[in-house]
Amino acid sequence: MSAVPEAMPAIRPDPREIAFYARSVHAVARDLIGCALSHGASAGRIVETESYHETEAACHAFIGETERTRPLLGAPGVAYVYRSYGIHALLNAVAEEDGVGAAVLIRALEPLEGVAAMRTRRGVDSDEDLCSGPGKLTQALGIGLELNQTSLVGGPVEIHPPRATAPPPRIVTGPRVGITKAAELEWRFCDADSPHVSRPRPPAMRTR
DNA sequence: CATGGGATTGACT
DNA sequence: GTCAATCCCATGC
């Protein structure tokens, strides 16, 4: 047995490395809370995510490999962007090893940088309406379908670790939003203290 | 080839 | 609370 140093700093996996994404999709979803997402000059702190896995019916990859789901089944650390309800672009981070269909849906951000540009692209003023939903945040950051399959490591959309001095977020979990299949799974992760999460707000969610 | 259904949002009753 | 917008994709005839 080796001695465990006292006051060893908590090691957080680094989202600037592919290895961050090549893990359990649920661990990735949880660890993304508090990280920063950037595109161009705009950036926001991730405050809400959901995990999806090919073994459950709410995941697009549940049906197997098609043209649409190919990115999901591919290498980790890649963006999966798809059109939802014919209107919105939704951003996911592909997770788990190559060949396993799994991804984390980014659902809400706290605006950090380039906020004026976000207001312009969204056409709203309130900071809490800028990125408090998966379709809102892609519009705010100017993320469209053309970024599907781009790398999240060194690509146009990047994810940065939390500041070392930032306290770890208090995370609550609950059922995923807006799905009809596998609705019993509590694979939604929120920063319990953020006013920037999407609706429904998570008072009924469990603290972990 | 026709059809139905969304990992949503914003406007409206 | 209800509901339409809007289009890609998967499925079925």
Side-chain angles (χ1 to χ4, degrees), chain A residues 21 24-30 32-33 37 44 46-74 76 78-96 100-111 118-149 152 157 159 171-191 195-205:
Chain A
Y21 305 93
S24 158
V25 69
H26 313 301
V28 175
R30 172 176 300 266
L32 280 175
I33 303 294
L37 174 75
I46 299 171
V47 296
E48 179 180 349
T49 61
E50 286 174 358
S51 44
Y52 289 83
H53 192 272
E54 63 181 12
T55 50
E56 45 88 14
C59 182
H60 290 172
F62 183 71
I63 60 172
E65 179 169 353
T66 66
E67 177 128 359
R68 181 199 208 191
T69 64
R70 189 162 299 127
L72 275 176
L73 292 150
V78 168
Y80 168 54
V81 187
Y82 73 95
R83 186 165 302 291
S84 172
Y85 289 92
I87 303 169
H88 309 286
L90 268 52
L91 171 68
N92 299 252
V94 175
E96 308 216 356
V100 177
V104 176
L105 172 67
I106 312 296
R107 285 195 57 88
L109 308 176
E110 170 191 345
M118 292 190 199
R119 291 200 190 96
T120 300
R121 283 186 287 250
R122 286 275 297 125
V124 299
D125 284 336
S126 160
D127 277 16
E128 293 186 3
D129 280 341
L130 284 182
C131 300
S132 55
K136 295 178 185 179
L137 72 90
T138 54
Q139 184 182 29
L141 296 202
I143 295 171
L145 300 187
E146 71 280 1
L147 295 174
N148 189 29
Q149 299 194 68
L152 295 171
V157 177
I159 301 178
I171 293 175
V172 292
T173 63
R176 294 174 293 182
V177 178
I179 56 170
T180 56
K181 294 172 277 193
E184 73 283 3
L185 299 174
E186 301 204 340
W187 289 0
R188 182 191 186 199
F189 301 84
C190 293
D191 178 338
H196 299 277
V197 299
S198 73
R199 293 155 86 142
R201 293 291 298 281
M205 298 172 63

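A note on names: the letters A, B, ... follow the listed sequences, proteins ahead of strands, and every chain is numbered from 1. Please read all numbers here as calculations on a predicted model, not as lab measurements.
Closest to the A:Y85 side chain, of the nucleotides C:dC9, B:dA7, B:dG6, is B:dG6. Among B:dA7, C:dT6, B:dG6, the nucleotide with an atom closest to any side-chain atom of A:I87 is C:dT6. For A:R83, the side-chain atoms get nearest to C:dC8 when compared with the rest of C:dA10, B:dT8, C:dC8. Closest to the A:Y82 side chain, of the nucleotides C:dA10, B:dT9, B:dA7, is B:dA7.
Looking at every heavy atom in both residues, A:A183 comes nearest to A:P175 through O-CB, 3.8 Å. When all heavy atoms of A:S51 and A:E56 are compared, the closest pair comes out as O-OE2, 4.5 Å.
Atom CG in A:L90 sits about 11 Å away from atom C1' in B:dT9, given to the nearest Å. Rounding to whole angstrom units, NE2 of residue A:H60 and C1' of C:dC7 are separated by 14 Å. In this entry the distance linking NZ of A:K181 with P of B:dA7 reads 7 Å, nearest Å. For A:L145 and C:dC7, the CG to P distance is 12 Å, given to the nearest whole Å. What separates CZ of A:R188 from P of B:dT8 is a distance of 10 Å, to the nearest Å. Here the P atom of nucleotide B:dA7 and the CD atom of A:E54 are 17 Å apart, to the nearest Å. Rounding to whole angstrom units, CZ of residue A:R70 and P of C:dC8 are separated by 18 Å. Atom CD of A:E128 and atom P of B:dG10 are 14 Å apart (whole Å).
Listed for the A:T69 side chain is no donor-acceptor partner under 3.5 Å among the backbone atoms of A:L72.
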- request: Evaluate side-chain contact (heavy atoms from CB on, under 4.5 Å) for A:R119 paired with A:D125, printing each intermediate quantity in order.
  value: CA-CA 6 Å; A:R119 291 200 190 96; A:D125 284 336; 4.2 Å; yes
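To the nearest 0.5 angstrom, A:L105 atom CG is 11.0 Å from A:C59 atom SG. Note: A:H88 NE2 to A:R83 CZ = 9.5 Å, rounded to the nearest 0.5 Å.
Nucleic acid contact class of A:R68 (heavy atoms, under 4.0 Å, all strands): sugar-phosphate only.
The separation of C:dC3 from B:dG5, taken at their P atoms, amounts to 16 Å, rounded to a whole angstrom. B:dG4 and C:dA4: their P atoms are spaced 16 Å apart (whole Å).
Contact check, A:R122 against B:dG10: a side-chain N or O comes under 4.0 Å of OP1 or OP2. Side-chain N/O atoms of A:R107 include one lying less than 4.0 angstrom from OP1 or OP2 on B:dT8. Between A:T66 and the phosphate of C:dA10, there is a side-chain N or O to OP1/OP2 separation shorter than 4.0 Å. Proximity of A:K136 to the phosphate of B:dG10: a side-chain N or O atom is located under 4.0 Å from OP1 or OP2.
If you check the side chains of A:H26 and A:S24, you find no donor sitting under 3.5 Å from an acceptor. Side-chain N/O atoms of A:Q139 and A:R122 include a donor and acceptor closer than 3.5 Å.
Counting only Watson-Crick or G-U wobble pairs whose defining distances are both under 3.5 Å, the stems of 3 or more consecutive pairs in DNA chain C are B:1-6 with C:7-12, B:8-12 with C:1-5.
Of the two residues near DNA chain B, A:N92 and A:D129, the one whose nearest nucleotide lies more 5' is A:N92.
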